[in-house]
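A short worksheet on the structure shown next.
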Amino acid sequence: MSNSLVLVINSGSSSLKFALIDTVVGDAVLSGLGECFGLPEANVSWKYNGEKSEYALSEGNHHQLAVDRIVALVEELGLKDDIIAVGHRVVHGGEKFTSTVKLDESVLEEIENLSDLAPLHNPAHVIGMRASMAAFPTLSQYAVFDTAFHQTMPAKAYTGAISRKLYEDYGIRRYGFHGTSHYFVSREAAKMVNKPIEESSFISVHLGNGASVCAIKNGMSVDTSMGFTPLAGLMMGTRCGDLDPSIIEFLLKKGWTQEEVFDELNKKSGLLGVSGLTSDCRGVIEAMENGHEGATLAFELFCYRVAKYVGSYMVALDELDGIIFTAGIGENSQPIRSKILENLKIFGYREDEAANAAARFGNKGIITQPNTPLAMVIPTNEEWVIAKESMALLHA
Ligand code: AMP
């Protein structure tokens, strides 16, 4: 394993996810999560060799204390000297960052300057990156952006049908997210259909708690459903997705505060809002199978909206080599995939039931019948992309 490990960090406002990726075999040697930052129960938990452990953090700067704990942990496990780089996930790179970059003070400042576009994420990333730079002063560190893959979208895909001034003055446009996931699964899909990625086109459907669709032409993102923020596009676990903006004005006039409206649309809508039960897809399906009306509507709505996006993205492509399902729901939920394919029957999609049942829990595979248009399941691996991109820059 020597000198092949990249530490991947995803720092949030009250949590910090980490994984130590072996870049030779592609597996996570160690993975963990710091959470409840700012609260007395702040802790770091991790999994190593199949065993789970937990460590309570003392009072103080929990991002720094968590990263310090990771340093102590990799030292104890004898892994520290094998770490060659640190890769950080960053949600928003605006128009500034179109690919992975090496971290230095000016890059940190630029990421901080983009906080206007991602107020919940970018400041938290910078805190984690500074803590990591202090903890691993000799290692090169890199920022990998969720938005970067979508910077190839043409103006007709990223421009809002609003006055140009709003774009020029405030940068209001479609940015798109989940870029590392759409990038990864499209490369894996090209291998599956035995075509060079530069000559293949896919519609990638990332269905997790957050969800987005991406049209990928010759390996490049040409359109995607998340927008200025991750709230746009598909119905998600708790986010509403596309919605008439006048509803916001309507609710404000009804006396709702701005915070209440956005809390509703971000945290109480989607599967949770429509089912009235849960944001967890498994819970929705279980309730639907027991005849629950709200859960049934949530399931129908979710699958209909995904199919509508997939259908509309046919327009963005000249040909289509396959639809890719990925992330928690896309990789595991046979009924959701089945219903989406049924909704796409006008395009010729026909589910192969046995193949759809088999492609779950980490198993990839084609899930449509022979001689019908292709749909496939490919487990995503965003940490692997972050590790590989960091390593590529390190060796560049
Ligand atoms: P992610 O954000 O990619 O971790 O995905 C989280 C979502 O995946 C949640 O809505 C889970 O309910 C869903 N999920 C995970 N496993 C399954 C499963 N076996 N069947 C249906 N949904 C699942």
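All ligand and atom numbering here is 1-based and tracks the order in the structure. Reckoned from all heavy atoms, side chains included, excluding hydrogens, waters and symmetry mates.
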Partner of S204 under side chain to side chain contact (heavy atoms under 4.5 Å, CB included), picked from I216, V310, I378, is I216
Of R282, H178, M236, Q334, the residue with the heavy atom nearest atom 22 (N) of ligand 1 is R282
Here the atoms of ligand 1 under 4.0 Å from any heavy atom belonging to A327 are 3 (O)
Q) Under 30°, 30 to 60°, or over 60°: which ring-plane class applies to Y175 and H92, parallel, tilted or perpendicular? A) perpendicular
| query | Is any N or O atom of F361, backbone or side chain, closer than 3.5 Å to an N or O atom of ligand 1? | reply | no
Residue, atom and distance of the protein heavy atom nearest atom 7 (C) of ligand 1 read I329 CG1, 3.8 Å
Heavy atoms of the protein only: does one fall short of 4.0 Å from atom 3 (O) of ligand 1? yes
Of all protein heavy atoms, the one nearest atom 10 (O) of ligand 1 is C281 N, 3.2 Å
- [ ] Flag G328 as yes when one of its N or O atoms lies below 3.5 Å from any N or O atom of ligand 1, and as no otherwise.
- [x] yes
Heavy-atom closest pair (D68 atom, A135 atom, distance to 0.1 Å) is OD1-CB, 4.1 Å
Verdict with supporting geometry, E319 and S201, side chain to side chain donor-acceptor pair (under 3.5 Å): CA-CA 7 Å; E319 54 184 9; S201 293; 5.1 Å; no
query: Between N209 and ligand 1, does any nitrogen or oxygen pair lie at a separation below 3.5 Å?
result: yes
The atoms of ligand 1 lying under 4.0 Å from a heavy atom of G208, numbered in the order shown, are 1 (P), 2 (O), 3 (O), 5 (O)
Counting only N and O atoms by type, is there a donor-acceptor contact under 3.5 Å from the side chain of T238 to the main-chain atoms of N266? yes
Worksheet entry | Cation-pi check, R173 onto Y158 ring (under 6.0 Å, within 45° of axis) | yes
Note: heavy atom closest to atom 19 (N) of ligand 1, options D280, V284, N332, L271, belongs to N332
If only atom types and distance count, is the side chain of H178 paired as donor or acceptor with the main-chain N or O of H206 below 3.5 Å? no
